[in-house]
**Q** 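Next up is a structure, given as structure tokens.
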2 protein chains.
Amino acid sequence: MENDRIRKINKEAKIFKALSNPVRLEVLYCLLDGELCVCEIIQKLEKYEQAHISKSLIKLKEAGIVKDRKEGLNVYYSLSMECIKNFILCLDSNL
Amino acid sequence: MENDRIRKINKEAKIFKALSNPVRLEVLYCLLDGELCVCEIIQKLEKYEQAHISKSLIKLKEAGIVKDRKEGLNVYYSLSMECIKNFILCLDSNL
DNA sequence: CTTATATATTCCAAAAATGGCATATTATAT
DNA sequence: ATATAATATGCCATTTTTGGAATATATAAG
């Protein structure tokens, strides 16, 4: 159906929108090598506020780019799309 | 230098931002199979205004995603990054 | 039950994106 | 010089995003 195509495009647009912000990209970079808890990401990106990083992760999650997993007090995030990592690395080597 | 990293991230964010809009994505889809002039894109996407499509192409161009080539009255646009097509196709098969 | 730690949420003003409409530019042909 | 076709640009009201500061929630430990 034509509507499927439109739904797909909108979903893709949402993915790209989630990636269109430098802070969210930095957060994503942190996850390229594997799962991290929020606190570890906060340590790596200390220049940003905790709330900012939390919001960034949630936006990435809503777009389906990362998934999360709760363990005690911590929440662990990791990439959930193979495509994304490849693309980021491809961009990286071409910019 | 650390600044290089930041410049790179900002450039990537710009690329993602350019792709974060459904109309611009539809325009990009038109170009996946090769070069087209603006008038051909307008025909394919007749539901959108000419000005809207023109602006979309320019935004994609500013992000470095497409390049253009003038020939008489026409302007031909085409993809300028290999990564992008691969990523779009990968997304497409996973959504 | 109180405290501490990790993470998420709310509120909000400033900044940026969106898209419609009108208009401008550029190139070609007559 | 004029007309026409293809494309780009400017203006602008509306919507959306951004990020800071404060606050809330959840889990664990004492």
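Since the structure is predicted, the reported quantities are computational estimates derived from the model, not experimental observations. Proteins get letters first, then strands, A, B, ... in listed order; numbering begins at 1 in each.
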**Q** Nearest whole Å is fine: how far is D:dT18 P from A:Tyr48 OH?
**A**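 Spelled out: OH on A:Tyr48 to P on D:dT18 is 13 Å.
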**Q** A:Phe87 vs B:Phe87 aromatic rings, parallel, tilted or perpendicular, using cut-offs 30° and 60°?
**A**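 Because their plane-to-plane angle is under 30°, the rings of A:Phe87 and B:Phe87 count as parallel.
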**Q** For A:Ile53, answer base if it contacts any base atom (sugar-phosphate contacts may also be present), sugar-phosphate if it contacts only those atoms, and nothing otherwise; contact means non-hydrogen atoms under 4.0 Å.
**A**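 It contacts nothing in the nucleic acid.
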**Q** Think B:Asn74 has a side-chain N or O under 4.0 angstrom from the OP1 or OP2 of D:dT7?
**A**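 So the side-chain polar atoms of B:Asn74 do come within 4.0 Å of the phosphate oxygens OP1 or OP2 of D:dT7, strictly under.
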**Q** Would you kindly give the CD-to-C1' distance between A:Glu26 and D:dG19, to the nearest whole Å?
**A**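 In whole Å, D:dG19 C1' lies 15 Å from A:Glu26 CD.
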**Q** Please give, in whole Å, the distance from D:dG19 P to A:Lys47 NZ?
**A**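 It works out to 13 Å between those atoms.
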**Q** Taking NZ from B:Lys17 and P from D:dT17, how many angstroms apart are they, rounded to a whole number?
**A**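 Going from B:Lys17 (NZ) to D:dT17 (P), I get 10 Å.
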**Q** For the side chain of B:Leu73, counting heavy atoms from C-beta on, which of D:dT9, C:dG19, D:dA6 is nearest?
**A**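 Nearest listed nucleotide: D:dA6.
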**Q** Write down the distance between CD (A:Glu49) and P (D:dA22), rounded to a whole number of angstrom.
**A**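 For the pair A:Glu49 CD and D:dA22 P, the rounded distance is 9 Å.
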**Q** Please report, rounded to the nearest Å, how far the P atom of C:dT7 is from the CD atom of A:Glu71.
**A**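 That distance rounds to 11 Å.
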**Q** Less than 3.5 Å between a donor and an acceptor, one on the side chain of A:Lys59 and one on the base of D:dT17, is that the case here?
**A**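 No pair found.
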**Q** If only atom types and distance count, is the side chain of A:Ser20 paired as donor or acceptor with the main-chain N or O of A:Lys17 below 3.5 Å?
**A**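 Judged by distance alone, yes, a pair lies under 3.5 Å.
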**Q** Quick check: does any side chain N or O of B:Lys85 sit under 3.5 Å from a backbone N or O of B:Leu32, one acting as donor and the other as acceptor?
**A**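 Checking the backbone N and O of B:Leu32 against the side chain of B:Lys85, a donor-acceptor pair under 3.5 Å is found.
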**Q** Counting only distance, no hydrogens or angles, is the base of C:dA6 paired donor-acceptor with the side chain of A:Gln50 under 3.5 Å?
**A**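 Not at all, since no donor on one side and acceptor on the other fall under 3.5 Å apart.
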**Q** In this structure, how many angstroms lie between the C1' atom of C:dT7 and the CZ atom of A:Arg69, rounded?
**A**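 Going from CZ in A:Arg69 over to C1' in C:dT7 covers 15 Å.
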**Q** Which whole-number value in Å describes the distance from B:Glu40 CD to D:dT7 C1'?
**A**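 About 14 Å, once rounded to whole Å.
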**Q** In terms of hydrophobic clusters joined by side-chain contacts under 4.5 Å, are B:Leu95 and B:Ile84 together?
**A**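 Hydrophobic grouping puts B:Leu95 with B:Ile84.
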**Q** Quick check: do B:Leu25 and A:Phe16 have side-chain heavy atoms less than 4.5 Å from each other?
**A**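 Answer yes - side chains close enough.
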**Q** Does B:His52 place a side-chain N or O at less than 4.0 Å from the phosphate oxygens OP1/OP2 of C:dT18?
**A**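 Negative; the distance criterion is not met.
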**Q** So what does B:Ile42 touch, heavy atoms closer than 4.0 Å: a base, only the sugar-phosphate, or nothing?
**A**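 The residue B:Ile42 makes no contact with any strand.
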**Q** Would you kindly compare A:Arg24 and B:Cys39 by the position of their nearest DNA chain D nucleotide and give the one closer to the 5′ end?
**A**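 Result: B:Cys39.
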**Q** Have a look at A:Tyr77 and say if it touches a base, only the backbone sugar-phosphate, or nothing, with a 4.0 Å heavy-atom cut-off.
**A**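 The answer is sugar-phosphate, as A:Tyr77 gets under 4.0 Å only of primed atoms, P, OP1 or OP2.
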**Q** With heavy atoms under 4.0 Å as the rule, sort B:Lys55 into base, sugar-phosphate or nothing.
**A**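 Base contact.
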**Q** Side chain of A:Ala51: nearest nucleotide among D:dA21, D:dA8, C:dT7?
**A**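 Selected nucleotide: D:dA21.
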